[in-house]
Number of protein chains: 2
Amino acid sequence: MTTGIETKPRSKTKRRTAPKEVRRLQLIEATVDCIAERGISGTTMAAVTGRAGLSMGIVSLHFESKDNLLNATLTHLSQEVRSTWAGLMKDDTLAPAERLWAVAMSSFDPRIFNPTKISVWFAYFGEVQYRVLYRKIVESFDDERTDVLEDLCESLNAGDPIDVASIAGGIESFSDGLWLNAILYPEKFTRDYCISQMATFLRATFPAHFQKPSLGVSA
Amino acid sequence: MTTGIETKPRSKTKRRTAPKEVRRLQLIEATVDCIAERGISGTTMAAVTGRAGLSMGIVSLHFESKDNLLNATLTHLSQEVRSTWAGLMKDDTLAPAERLWAVAMSSFDPRIFNPTKISVWFAYFGEVQYRVLYRKIVESFDDERTDVLEDLCESLNAGDPIDVASIAGGIESFSDGLWLNAILYPEKFTRDYCISQMATFLRATFPAHFQKPSLGVSA
DNA sequence: TAGACTAATGAATGACTATTCATTCGTTAT
DNA sequence: ATAACGAATGAATAGTCATTCATTAGTCTA
C-alpha cells in the first residue's frame with residue numbers, strides 16, 4: 001500500500017541553496033502538476049514539496065502560505081497565456097486580419113493547450129465563485145486580451161455598425177468552450193479539431209476577411 | 001466569532017421520518033447550495049447536513065458516503081439539464097429549425113442558467129480530470145444531447161456536405177463557453193447577452209434557416 | 001397499548017493536513 | 001580556515017473532517 005504521493009527521489013548530490021526565483025518557479029510548476037493530477041483540494045503541501053524534491057517547510061519560506069502559492073500559480077498561468085498572444089502582437093509585419101487570426105488561434109498553442117494546463121485552469125474556474133482573488137487575477141489578464149481583440153475587430157469593420165465588444169466576447173467564449181470540451185472529450189476535441197472549429201467561427205464572423213482554402217488569412 | 005456554517009434552525013415540530021426520496025433530494029439540494037457557496041472541498045458533511053437541517057450521520061444512511069452524495073448530485077444536475085431540452089422535443093408541432101433553435105437556447109433556461117447551478121457545474125468540471133466517474137456521468141447525458149443536435153443539423157442540411165458532428169460540437173462548445181463567462185463576468189454575460197450571442201452563432205451557421213428580425217425562427 | 005421496526009441522531013474515533021520553529025548545513029566574507 | 005548568515009529541513013502541533021455506531025425516538029402492527 002503506497003501513499004499515492006510521488007516523491008521525486010531527493011538528489012544525492014546535496015546542493016541546497018538556490019536563488020529565490022528558481023525555488024518559486026520550481027514550486028509553482030510542482031503545484032501545476034499536482035493540481036492536474038489530484039485537483040486543488042488534493043494538492044497538499046506534502047504533495048507539492050515532495051514532487052519538487054524539497055521539504056515541507058519550504059512553501060512558507062517562499063510563499064508564506066498555501067493560499068499564496070495557489071494565487072501565485074494562477075498568476076503564473078495567466079502570464080503564460082498572456083505572453084503567448086502578446087508575443088504575436090510584436091510582429092508588426094502582420095495586417096490586422098492576420099493578427100486577429102493569430103491571437104484567436106494562440107489559445108491552442110501547445111504550451112498552454114494541453115491536458116495538464118487546461119485541467120488546472122478549470123480547477124481554478126471551479127472555485128472562482130467564492131474565491132474573489134481568483135476572479136480578480138483572471139480578469140486582470142482577460143481584460144487586456146479583450147481590449148486587443150476589440151481593437152482588432154474594430155479595424156476590420158471600420159464604419160460598420162457591428163458591436164465589436166460582442167464579437168470579441170464571442171471569440172473568447174468559443175475559445176473557452178473548446179477548452180472545456182478538450183478536457184471532457186479529448187478524443188474528439190483535439191488541437192486540430194479546435195483550430196478548425198475556431199477557423200470556421202472566424203470565417204463565419206468575418207467572411208470578407210477570411211477565406212476558405214489554406215487555413216491562412218487573406219485580406 | 002461564527003463558524004461560518006449556516007445551520008437551518010432545526011424545526012421545533014419534531015417530525016422525524018420521511019420517505020427515502022424526500023431525504024435524498026433534500027440532501028442533494030443542500031449539497032448544490034453548499035458547493036455554490038464553498039466549493040466541493042469546502043462542502044463538508046457538517047455543512048451539508050446542517051443546511052438540510054439534519055444530523056451528520058444522515059448522509060451515510062442515505063448515500064453511504066460523501067463520494068456517493070457528490071456523484072448523485074452531479075447526476076441530478078445532469079438530469080435537470082436533460083429534462084430542460086428533452087421537454088422541448090416533445091412538442092411535435094415544431095419544425096426542425098425551430099427545434100434546433102429551442103434546444104440550443106434551452107442552455108439559458110433560468111432553471112439551469114443561474115449563478116448557483118453554473119458554479120456547481122464548474123466545480124465538477126474542475127475535478128473531471130482525475131475523477132473518472134464525473135466524466136462518465138457528464139458524458140452519458142451529453143452524448144444524448146449531441147445525438148439530438150446532430151440529427152437536427154442533419155435535417156436542416158439534407159444533401160449538403162456539411163459536417164453535422166462539427167456543427168453540433170460548435171454549438172455545444174459555444175454554449176459551454178458562454179456558461180463559463182457567465183460566472184467569470186456576470187455583469188456582461190447576462191442571460192439576454194448569452195441568448196443574443198447564441199442567436200448570432202446560429203444565424204451565421206444556418207443563414208438559410210434563421211433570419212434576423214424578431215429573434216425567432218423562420219423556415 | 002405493547003412490541004417491533006426502522007429512521008435519525010451526534011459524540012467519539014481515526015485519519016489527514018497546514019503551519020511552525022528549533023536545528024542543520026551550504027555559502028560567503030574575512 | 002573560520003565565523004556569520006540565511007536557506008532548508010522535518011518533527012511536532014493544533015486543527016479539520018469523514019465515518020462509525022450505540023442510543024433515541026417516530027411509526028406501524030397486532
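We name chains A, B, ... by the order of the sequence lines, and we start the count at 1 in each one. As the structure is a computational prediction, the values presented were derived from the model and not from experiment.
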Please tell me if B:Ser55 has a side-chain N or O lying less than 4.0 Å from either OP1 or OP2 of C:dT9.
yes

Touch class at under 4.0 angstrom, heavy-atom based, for B:Thr43 against every strand present:
sugar-phosphate

To the nearest Å, give me how far apart CZ (B:Phe63) and P (C:dA7) are.
14 Å

Write down the distance between CE (B:Met56) and P (D:dA18), rounded to a whole number of angstrom.
7 Å

Without decimals, in angstroms, what is the distance between B:Leu27 CG and D:dA18 P?
14 Å

Spacing between B:Met45 atom CE and C:dA11 atom C1', to the nearest angstrom
16 Å

Close approaches to DNA chain C from residues 64-73 of chain A, in residue order (heavy atom, under 4.0 Å):
A:Ser65, A:Lys66

Those residues that, when tested against A:Phe141, pass ring-ring contact (aromatic ring centres under 6.0 Å, His included) (two or more places apart)
none

Mind calculating the distance between CD1 (A:Ile40) and P (C:dA18) to the nearest angstrom?
13 Å

Determine whether B:Tyr124 and B:Ile35 satisfy the following criterion, side-chain contact (heavy atoms from CB on, under 4.5 Å), listing intermediate values before the conclusion.
CA-CA 9 Å; B:Tyr124 279 100; B:Ile35 294 176; 3.8 Å; yes

Considering residues at least two apart in sequence or located in another chain, which fulfil the ring-ring contact (aromatic ring centres under 6.0 Å, His included) criterion with B:Phe122?
B:Phe125

Could you tell me which residues satisfy side-chain contact (heavy atoms from CB on, under 4.5 Å) with B:Leu94, sequence neighbours excluded, listed by chain and number?
B:Asp91, B:Glu98, B:Arg99

Below 4.0 angstrom, N of the basic side chain to O of the carboxylate: do A:Glu29 and A:Arg51 qualify?
no

Is there a side-chain contact between B:Arg23 and the phosphate of C:dA7, meaning an N or O under 4.0 Å from OP1 or OP2?
no

Roughly, in whole Å, what's the span from CG in B:Leu61 to C1' in D:dA18?
15 Å

Pair listing, side chain to side chain donor-acceptor pair (under 3.5 Å) test, anchored in residues 66-81 of chain B, at least two apart
B:Asp67-B:Arg131, B:Glu80-B:Lys117

Does anything in residues 166-190 of chain B pair up under side chain to side chain donor-acceptor pair (under 3.5 Å), and if so which pairs, sequence neighbours excluded?
A:Asp142-B:Tyr185, A:Ser173-B:Asn181, A:Asp176-B:Asn181, A:Asn181-B:Ser173, A:Asn181-B:Asp176, A:Gln197-B:Ser166, B:Ser107-B:Ser175, B:Thr146-B:Glu172

Atom-pair distance (NE2 on B:His62; P on C:dA7), nearest Å:
7 Å

Please report, rounded to the nearest Å, how far the P atom of D:dT19 is from the CD1 atom of B:Ile58.
15 Å

Taking OP1 and OP2 of C:dT20, is either one under 4.0 Å from a side-chain nitrogen or oxygen of A:Ser60?
no

